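Worth knowing before you read on, the calculation uses all heavy atoms, side chains too, and leaves out hydrogens, waters and symmetry mates. Numbered from 1 within each chain, the chains take letters A, B, ... in sequence-line order. In this text, all values refer to a predicted model and were calculated from it rather than measured experimentally.
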Amino acid sequence: MPAQQPPVSFCLSHGLAAHPVHGLPQQAAAPPVTKPKKAAWPPAVREYVQRAFEPQNAIEGVTPADMEAKLKQTIQYFAELNYLDQLDWPSYPLPQKLVQDERDAAAAAAVAAPNGYGYAHAMHAAHAMSSVGSANYPSSSFSSSQPSKKRKSADMEAFNADDGNAPPWRKANHSDAHTSTKQEKRHKKNESAGGNSKFYQADLEKRKQRFQTATSATQSTPPWSDSESSMPTGPVVGTNMALEKSYFRLTAPPKPETVRPQHVLEKTLDLLKKKWREESNYNYICNQFKSLRQDLTVQHIKNAFTVSVYEIHARIALEKGDLGEYNQCQTQLRALYAQKLGGHPGEFTAYRILYFVYTCNKTDMNDLLAELTPADKARPEVKHALDVRSALALGNYHRFFRLYLTAPHMGGYLMDMFIKRERLHALANISKAYISVTLRFLTDELGFDSDGECLEFLAACGAQDFIEEKATEKGKQVRVNLRGTAAASVFEGLRAAAFKTVDIKGQI
Amino acid sequence: MEAIIEPFRHAHASGDGYAVSALLSPIPPPYDPGRLYAFYRASNEQRIDPELRYALKYSKGSRIPPDESGAWADMFVLYWRAVGEILKVEEGSNQGRLGDRQWVAVYDTWKALTDSIQRYVSNGTLPFWAVVCMYHAASNLRKFAIKADEQLANTKGSVTFNSGFQDDVVDSLAKTEKLEEAARLFNRMFALCLGDRNPDLRESRKWGTYYMANLQFKTYFKLKTINLCKNVVRSIEAQPDLPPLTLFPKAHQATYKYYTGILAFLQENYTMAETLLTEAWRICNIKAAKNQELILTYLIPCRLVAKHEVPNQQLLARFPGLQERFGPLVACIKQGNLAGFDSALTAGEEEFVKRRIYLTLERGRDIALRNLLRRVFLAGGYEELKEGQTEADMVRKSRISLAEFGAALRMGVGGGSGQNLEDDEVECMIANMIYKASHSPTLAALMRCYHLQP
């Protein structure tokens with residue numbers, strides 16, 4: 001990597017953090033008068049504090065914790081200069097405004113820095129810092145800012161949306177850094193000042209506990225941790241040329257030397273496809289695909305290639321029945337198709353329909369039906385999936401098993417997930433309606449490949465007692481005797497068990 | 001200014017929450033359509049705060065305690081700002097040039113007002129009846145949020161880039177940012193009402209619980225996050241000291257039953273859904289035709305599936321909307337006209353899917369099928385008379401041949417073009433009916449002595 005200048009963002013945010021006092025005349029600072037020890041805060045300061053907490057003054061994206069940290073910092077700064085009385089508090093900008101200005105300045109600096117490289121540098125710094133000790137990251141705030149993708153609830157999304165411009169991890173670290181160092185200083189100062197404003201102090205403590213669950217282990221925060229806040233979140237430009245890379249969940253911004261650029265990833269995809277055909281080692285393939293997806297994400301690559309990566313991974317996951325991974329891909333694909341990047345939206349819409357059939361998710365199925373356009377419905381895969389749905393809804397098992405045998409693409413794999421359940425349902429039906437049936441009839445009607453397979457299935461259900469062989473004029477005939485209630489109750493029980501709610505991780 | 005302060009003092013003195021909330025409404029009352037405009041024009045950004053504060057706090061006519069009057073002054077100032085934005089939108093849309101973010105501005109200012117009401121109610125500055133103001137403000141906030149989201153969706157793309165450490169490319173499909181934000185506020189309000197610990201029930205904020213719950217239901221349905229409704233129901237059920245639902249205003253009761261009924265309906269718990277919706281129907285105001293129609297929209301499919309009952313003509317005739325929606329379906333079910341049923345279902349599919357009743361109505365096909373079978377049975381005629389039997393001893397044929405029923409099906413399905421129906425499929429349908437007959441007494445009577453013999 002070529003040598004380049006340290007990013008501007010550092011200097012800028014440092015400057016702001018060190019001088020939070022815009023427009024303060026320098027000569028007025030630090031008058032030599034010793035303050036009376038017992039003095040309470042001047043009313044102007046109190047008013048300022050009050051104003052800062054008024055909700056109408058809140059700025060979106062600046063959390064109360066950030067605002068308080070800034071507020072403390074500001075007041076402390078002026079207190080140390082003994083400037084509390086002189087300052088024109090009513091016209092002094094509110095802490096949330098200061099925080100926002102700082103962020104804007106940092107963001108502007110990040111934009112000014114050459115794309116990618118600036119980020120890379122910032123990342124080095126961040127990495128160095130995290131190696132100083134994990135103590136810098138109070139575990140609770142960190143983990144809460146790392147939403148797990150697997151079960152992403154609506155709350156989580158809301159949480160992300162709430163933050164607006166500041167990503168959660170940045171903010172969490174930012175506020176922690178402030179509160180911890182400042183809090184420490186406050187302690188010292190109060191001790192020296194004979195513990196004035198105990199009341200206020202107690203309040204602060206309480207608030208601190210409210211906003212910051214992990215107060216210990218924050219002692220070692222390096223003074224330059226403020227630079228964290230200036231880290232841009234722009235795309236990384238990868239420099240890694242290796243084709244294979246195992247997946248590792250990111251806990252810090254990625255380093256460009258570990259990320260592969262798109263032309264390498266394309267070769268990776270070819271390699272993976274080849275390996276899958278030859279070796280079929282699912283664990284390896286899944287792992288490789290996850291790292292492939294991660295590299296695409298951190299580089300903000302969103303094009304036809306991205307779509308094909310997700311599609312291929314989804315298909316492989318389907319083939320192996322890994323519904324969790326399949327679901328993740330499906331969710332992403334849905335959003336990617338919305339951007340019209342090509343791919344096979346029809347095929348995957350069909351999978352979604354079949355998937356909801358599998359999970360018996362009526363609410364989502366309804367939402368999906370509402371989304372379908374007439375053009376979608378005309379696609380053969382979608383039409384097939386819709387027919388499957390309606391056949392099951394109407395209890396038409398005959399048609400259902402015909403459709404099972406003619407499922408396009410990977411639809412058969414998805415239908416495999418619920419085929420047993422539907423066979424039991426059909427058997428429960430048949431056992432009520434017929435006195436006895438031939439085995440061949442069941443094989444045909446329930447979509448088995450051979451009589452043997454059907455027999456195996458019946459045996460697995462514990463129905464071997466009902467099977468009897470009869471010699472007819474045409475030769476041997478195997479029949480299933482369904483007279484009486486015994487068979488019906490067996491199948492009915494199995495059916496009921498099979499239809500209990502399906503719960504799969506990572507549901508859409 | 002006095003035009004709004006005077007009625008406020010009056011309403012405040014009598015503790016009439018509804019009157020006060022009417023004064024904080026974004027819609028001017030019919031008898032004074034220019035009220036918002038007059039109120040907004042009576043002051044400006046600089047003067048509004050001191051003016052209101054003076055009027056509420058220091059003037060002689062005021063008998064409100066200082067804390068509380070400060071709170072009211074704050075709220076009216078925020079209200080004044082919101083009114084300003086509302087008037088701008090009105091002006092903009094009248095002149096046909098609505099700014100890009102104008103509804104968003106209305107939403108933001110109105111949210112500030114709602115927030116402050118929530119806060120003052122929460123910290124006890126305002127009297128208990130102010131919950132009425134709170135929920136009316138919240139209800140309007142919901143409307144503004146929807147408008148703001150519509151506007152935002154038109155002006156910016158729908159998919160955002162993932163900027164965190166996520167493994168995947170796309171972050172979320174959020175197109176309803178403002179409404180989600182509002183929903184969180186509603187949840188706080190709901191918790192505030194539900195968790196009120198005032199021992200005096202007459203002054204409890206608990207009376208706002210069901211209103212807020214209903215508002216949350218409405219919002220979650222709009223957001224398509226219906227599963228969040230269950231949390232609301234659960235926390236209401238877990239609150240032991242909540243007064244019984246029957247003591248709440250009828251409007252709250254009806255709406256609550258309606259929504260819980262739909263929730264049960266969506267979980268396919270049709271028995272419970274039927275009970276709840278029937279109660280909602282009973283409580284619902286006789287003049288609220290639209291609400292009655294909404295209740296019936298779910299109650300009819302519910303009864304159809306749970307009890308195999310179809311609505312009669314008199315009921316449908318009272319509601320033209322329902323007649324249009326369900327009329328053809330009901331007629332086809334009665335006739336056993338499968339082709340007609342299918343086409344009626346397809347014709348109404350969009351509407352049914354939107355109402356989330358499509359999948360339920362689809363099951364009505366079973367009943368149409370049953371009626372068709374019944375027709376075949378009746379058409380089958382009587383057993384031939386044996387010797388010594390008279391007309392009075394005539395019995396119907398107890399068996400229907402598969403071929404006959406198959407013919408009937410083929411005539412019905414696809415308007416006579418259902419020739420490609422396989423015999424096995426006909427058998428399958430019969431088998432289905434036999435199976436269902438074991439669960440339903442009506443069918444059982446019909447299907448007795450019916451066995452298939454392949």
Closest approach of A:L446 to A:A426 (non-hydrogen atoms, all atoms of both residues): CD2-CB, 3.6 Å
Heavy-atom pairs under 4.5 Å with chain B, option from A:L369, A:N396, A:I430 with the top count: A:N396
Answer yes when B:K354 and B:E349 have at least one side-chain N-carboxylate O distance shorter than 4.0 Å, and no when they do not. no
Honestly, the part of B:Q267 sitting under 4.5 Å from a heavy atom of chain A is neither
A:R334 bridged to A:E371 by N-O distance under 4.0 Å: yes
With a 4.0 Å cut-off on N to O distance, would you call B:E180 and B:K222 a salt bridge? no
Name the region of A:S390, side chain, backbone, both or neither, that has any atom closer than 4.5 Å to a heavy atom of chain B. both
Toward chain A, the part of B:E350 with a non-hydrogen atom under 4.5 Å: neither
Best-contacting candidate, B:L359, B:D366, B:L266, B:L78, against chain A by heavy atom pairs under 4.5 angstrom: B:L359
Are B:K230 and B:Y220 in a cation-pi contact, defined as NZ or CZ under 6.0 Å from the six-membered ring centre and within 45° of the axis? no
Cut-off 4.5 Å, heavy atoms of chain A, and the answer for B:D115 is neither
